[in-house]
Amino acid sequence: MPLQSMTGFARREGSSGRYRWAWELRSVNGKGLDLRLRLPTGAEAIEADVRKLAGEMFSRGNMQIGLSISASEIGVETVVNQNALAAVLSLREQLAGMIDPAPLRLDTLLGVRGIVEFREPEEKEGEKAARDADIMAGLRLALHDIMMMRETEGAALHHVLLGQIARIEELAYTIEADPSRSPETIAARLSQQLSLLMDGAATLDRDRLYAEVAVLAAKADIREEIDRLHAHVAAARDLLEKGGPVGRKLDFLSQEFNRESNTICSKSNAASVTAAGIELKVVIDQFREQVQNLE
């Protein structure tokens, strides 16, 4: 599966019957999938379907999904409020002896509030279902568009991350091959340090001192950290090859990379190893920043 970033934008427009609709989608980084919907009044019925469809296609990202719907102008229909009309006629009969009994004129009735209502024709159930189906088909296309955009950026990130992993591996080999780590160099350095300590210190227990030096030498060894770096490099490459939503796992690996580089720098007893360790930390920080963009 291809990698995806969490950044994208898409817009799809269309029409259904007398309605025009437009979807607009925006996606940015997020720890999980956070959907924020902006649906117009009357479109509440499709909200569950919108969330389900987006959840099937994406696993991470803060995504804003907006829908706008507009209706073309059509004729209106008149509706007579029979109850209100009956009430007016009944009142006229009750007041027949007190007011002019002339027949009611149409324009008089139209002037009475509530007698006649003007409204748009009610949408038939079949028409509404067809409109919602067309709108959801448009959403599917918009989601596909934003997925393609996220995959395009994911492909670029894939190339960048592979280069950073290669640099991490190169620095790990540089540290591993540093002359300061050879047994001869370590032995010479320890011998020199011991000689300095023993000069003029006849009261020191030589056997105890040698034992303490051996313990310190073992603690200063960075073999395990180097081995773990190589293992993390292999795991990161496997995840990138696998693809899909691997951002969380790569983020965890970046933390493990950082832990090993910190330990190497703290154990270092050579300027060259420290310099390589510092550069390693810089590359790992860059790696982690890029990983934050992956789904």
Side-chain angles (χ1 to χ4, degrees), residues 1-84 114-158 242-248 292-295:
M1 295 178 62
L3 292 178
Q4 283 192 39
S5 76
M6 289 185 282
T7 303
F9 173 84
R11 180 180 175 86
R12 280 278 180 167
E13 300 179 4
S15 61
S16 180
R18 66 186 182 92
Y19 292 96
R20 287 201 59 80
W21 50 262
W23 286 104
E24 189 166 291
L25 283 59
R26 300 174 186 272
S27 175
V28 295
N29 296 359
K31 292 184 178 180
L33 181 60
D34 182 12
L35 300 176
R36 301 181 182 181
L37 308 186
R38 291 185 290 106
L39 304 180
T41 302
E44 296 83 358
I46 65 173
E47 179 175 349
D49 292 334
V50 172
R51 292 187 179 277
K52 179 181 178 182
L53 185 58
E56 290 173 353
M57 299 180 68
F58 303 100
S59 62
R60 291 182 70 192
N62 290 329
M63 187 174 293
Q64 296 181 0
I65 301 178
L67 170 65
S68 61
I69 302 176
S70 60
S72 60
E73 293 185 3
I74 61 170
V76 296
E77 63 180 12
T78 58
V79 179
V80 177
N81 188 327
Q82 297 294 338
N83 292 331
I115 295 293
V116 179
E117 298 177 357
F118 298 91
R119 67 187 184 188
E120 293 183 357
E122 292 186 0
E123 188 176 22
K124 296 179 181 179
E125 191 62 32
E127 293 174 345
K128 184 177 184 301
R131 183 198 69 183
D132 289 349
D134 290 339
I135 289 175
M136 288 302 299
L139 174 62
R140 186 178 293 277
L141 293 175
L143 289 170
H144 182 268
D145 290 344
I146 204 170
M147 176 182 286
M148 292 297 99
M149 185 174 182
R150 285 168 50 136
E151 287 183 359
T152 298
E153 187 170 337
L157 287 174
H158 185 274
K242 177 183 177 183
V246 296
R248 288 183 182 275
Q292 302 298 316
N293 297 316
L294 284 180
E295 182 182 24

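The first residue of the sequence shown is numbered 1, and numbering continues consecutively from there.
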Would you say that more than 12 heavy atoms from the other residues, nucleotides or ligands in this model lie under 6.0 Å from the CZ of R140, or not? no
What's the separation between atom CZ in R36 and atom CE in M63, rounded to the nearest 0.5 Å? 12.5 Å
Heavy-atom nearest pair, A45 first then K128, reads CB-NZ, 4.3 Å
Hey, what do you get for CG (D34) to CG (N62), rounding to the nearest 0.5 Å? 4.5 Å
For residues L67 and I69, determine if any side-chain heavy atom of one lies less than 4.5 Å from a side-chain heavy atom of the other. yes
Hey, does the side chain of W23 reach the backbone of I135 with a donor-acceptor pair shorter than 3.5 angstrom? yes
Show the nearest heavy-atom pair for residues S27 and I146, with the distance to one decimal. CB-CD1, 3.8 Å
Would you name the heavy atoms of S16 and D134 that are closest together and state the gap between them? OG-OD2, 2.6 Å
Closest heavy-atom pair, D145 versus A10, reported as atoms and distance to 0.1 Å, is CB-CB, 3.8 Å
Check whether any side-chain heavy atom of L157 sits under 4.5 Å from a side-chain heavy atom of L3, and report yes or no. no
Sub-3.5 Å donor-acceptor pair from the side chain of R60 to the main-chain atoms of G30, do we have one? yes
For S59, what residues pass the side chain to side chain donor-acceptor pair (under 3.5 Å) criterion, not counting sequence neighbours? E295
Partners meeting side chain to side chain donor-acceptor pair (under 3.5 Å) with R26 (sequence neighbours left out): E24
Return the CE to CZ distance between M136 and R131, rounded to the nearest 0.5 Å. 12.5 Å
Distance from E153 atom CD to L294 atom CG, nearest 0.5 Å? 9.0 Å
Rounded to the nearest 0.5 angstrom, the CE-CG distance for M57 and L139 is 8.5 Å
What closest approach, in Å, do N29 and Q292 show between heavy atoms, and which atom pair accounts for it? ND2-O, 3.4 Å
R51 and E47 ion-paired at < 4.0 Å: yes
Which is it for M6 and F58 under the side-chain contact (heavy atoms from CB on, under 4.5 Å) test, yes or no, and what are the steps along the way? CA-CA 9 Å; M6 289 185 282; F58 303 100; over 6 Å; no
Taking every non-hydrogen atom, the tightest pair across A22 and R11: CB-NH2, 3.6 Å
State, with a plain yes or no, whether a side-chain heavy atom of K242 is found less than 4.5 Å away from one of M1. no
Between T7 and R150: side-chain donor-acceptor atoms closer than 3.5 Å: no
